[in-house]
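Every chain is numbered from 1, with letters handed out A, B, ... down the list of sequences. Only a predicted model underlies this, so the values are computations on that prediction, with no experimental measurement involved.
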Protein chains: 2
Amino acid sequence: MSEPTPTIGSREKILDVAESLFARRGYAGVGLREVAETAGLGKSSLFHHFRSKSELYFAVLGRVLDRMDERLRPIFAGGAGPLERLDRIIEALIDELVEHPGSARLLLRALFEDDDFAEPLPEAEPVEGAIESIVGRLDALLREGVAAGVLRRVSTPHTVQTLIGATIYHFASGEFGETLLGGPLLSSEEVRRRKQEVKALLHHGLAATPATPGS
Amino acid sequence: MSEPTPTIGSREKILDVAESLFARRGYAGVGLREVAETAGLGKSSLFHHFRSKSELYFAVLGRVLDRMDERLRPIFAGGAGPLERLDRIIEALIDELVEHPGSARLLLRALFEDDDFAEPLPEAEPVEGAIESIVGRLDALLREGVAAGVLRRVSTPHTVQTLIGATIYHFASGEFGETLLGGPLLSSEEVRRRKQEVKALLHHGLAATPATPGS
DNA sequence: TTTATACCCGACCGATCGGTCGGTCTGCAA
DNA sequence: TTGCAGACCGACCGATCGGTCGGGTATAAA
């Protein structure tokens, strides 16, 4: 009676709490006791929904990647030109990172916390597949732009890395980024500015300059 | 007799080991027992050199930042034009990240693991100061370029973020980056390509385009 | 009314955590 | 020869870690 979500949603509540905590303090920095109690449960009840800590972690990561994929898929599949699709991908990616704070940190950590799990865990595979899928489509889009002559002859994997840095790292930078910008990272003004800066860098820095003689 | 560094250097050995481990698994993911034994000591001996885990951590970070500062300072202070100084900063930054693998991950983690330490620790202050100093000089250099008219009227803090992403994130990306590139991140060939890509993006994307009418 | 299932809990397990303590060994100065 | 300080160690501390276990409760099908 008192709870807004009486019984349904306990699993989602755990995922919400775990997403926030893992984003803030990383896999090793979060204890299951804190996750459970923040979600309003005893620690034992966690193991009713998730068999282990790593399964919970990859479930959180999977949910973040599913949201991202759902948002980006129609744009990748859209019929616009490569450069316009790239613009829309950047905007949608940033929108997703802003609407779900923590996603950026969680993803950034996932990209370079591979050493946390020495043995390859089976529950990690769908997550790795989802990352590969999104990154692969982004790389393909860049290749298409180069092939169509609308982008410079850049190394597309390096450009993928640069775009990840320009978006995911930026929104994961937390206090440091806010000190640098002198204000909140997620204000609509600063988000708009970030989109503009990244797109401008892309248009000036990646677009083929029609009048410039090639090297 | 058997040790190459008989007694002198035990502290440095600890710092070396801790740098590698903290870079790979983060602050919370590393136990002092492992640090000590990898350095060839008992755990108790660690506390003879460092009063606490956090003091060790910030000593490691401080050493990384000192190396970086020593390398970048003469370039910042040099007499070259802003654009050429920017090129040299990027090259020197990447050289430093390559010569000391782990630095990239350590620094990236430091930039967004602020939540690991809820209470402000006194030993963190010199580290924060060193970061602010380097970032401040980079920002000033970008401002100088804009003022001199050799750079577009970009937001300099946002551009700092982009450059951090393009350099530090890239060399921190580990297995993910190697999968993306299809080979080792630190091969001289791939390092050379990274420098070239970042500088090209900078020249095409940041340099003022003299013939283009402003918006 | 019985049985099955989902959900949740307190108590407990062995292991590991950061950190302390008392003490040993070595080299050097007095 | 003594004394002192730096370097090092094993044993131990309370706390917390991920995970298990047996049991309690509610709902719904049989």
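- When rounded to the nearest whole Å, the span between CD of B/Glu55 and C1' of C/dG19 equals 13 Å.
- With DNA chain D read from its 5' end, the first of the two nearest nucleotides for A/Ser52 and B/Gly40 is the one closest to B/Gly40.
- One atom, CZ of A/Arg33, and another, C1' of C/dC9, lie 15 Å apart when rounded to the nearest Å.
- One can place CZ of A/Phe50 at 15 Å from P of D/dG18, the figure rounded to the nearest angstrom.
- Contacts of A/Val35 with the nucleic acid, taken as non-hydrogen atoms under 4.0 Å apart, are absent.
- OP1 or OP2 of C/dC7 lies within a sub-4.0 Å distance of a side-chain N or O belonging to A/His48.
- Side-chain proximity of A/Ser44 to the nucleotides C/dC8, D/dG19, D/dC21 is greatest for D/dC21.
- Rounding to whole angstrom units, CD of residue B/Glu34 and C1' of C/dC17 are separated by 13 Å.
- Going from atom CZ of B/Phe47 over to atom P of D/dC12 covers 18 Å, rounded to whole Å.
- Rounded to an integer number of Å, the gap from A/Arg51 CZ to D/dG19 C1' is 14 Å.
- Straight-line distance from the CD atom of B/Glu37 to the C1' atom of C/dT16: 12 Å, rounded to whole Å.
- Using the six-membered ring where Trp is involved, B/Tyr27 and B/Phe22 have ring planes that are parallel, under 30° apart on the 30 and 60° scheme.
- One interatomic measurement links the two molecules: CG of A/Leu32 to P of D/dG18, which rounds to 4 Å at whole-angstrom precision.
- Residue side chain B/Lys43 does not reach the base of D/dG10 through any donor-acceptor N/O pair under 3.5 Å, judged by distance alone.
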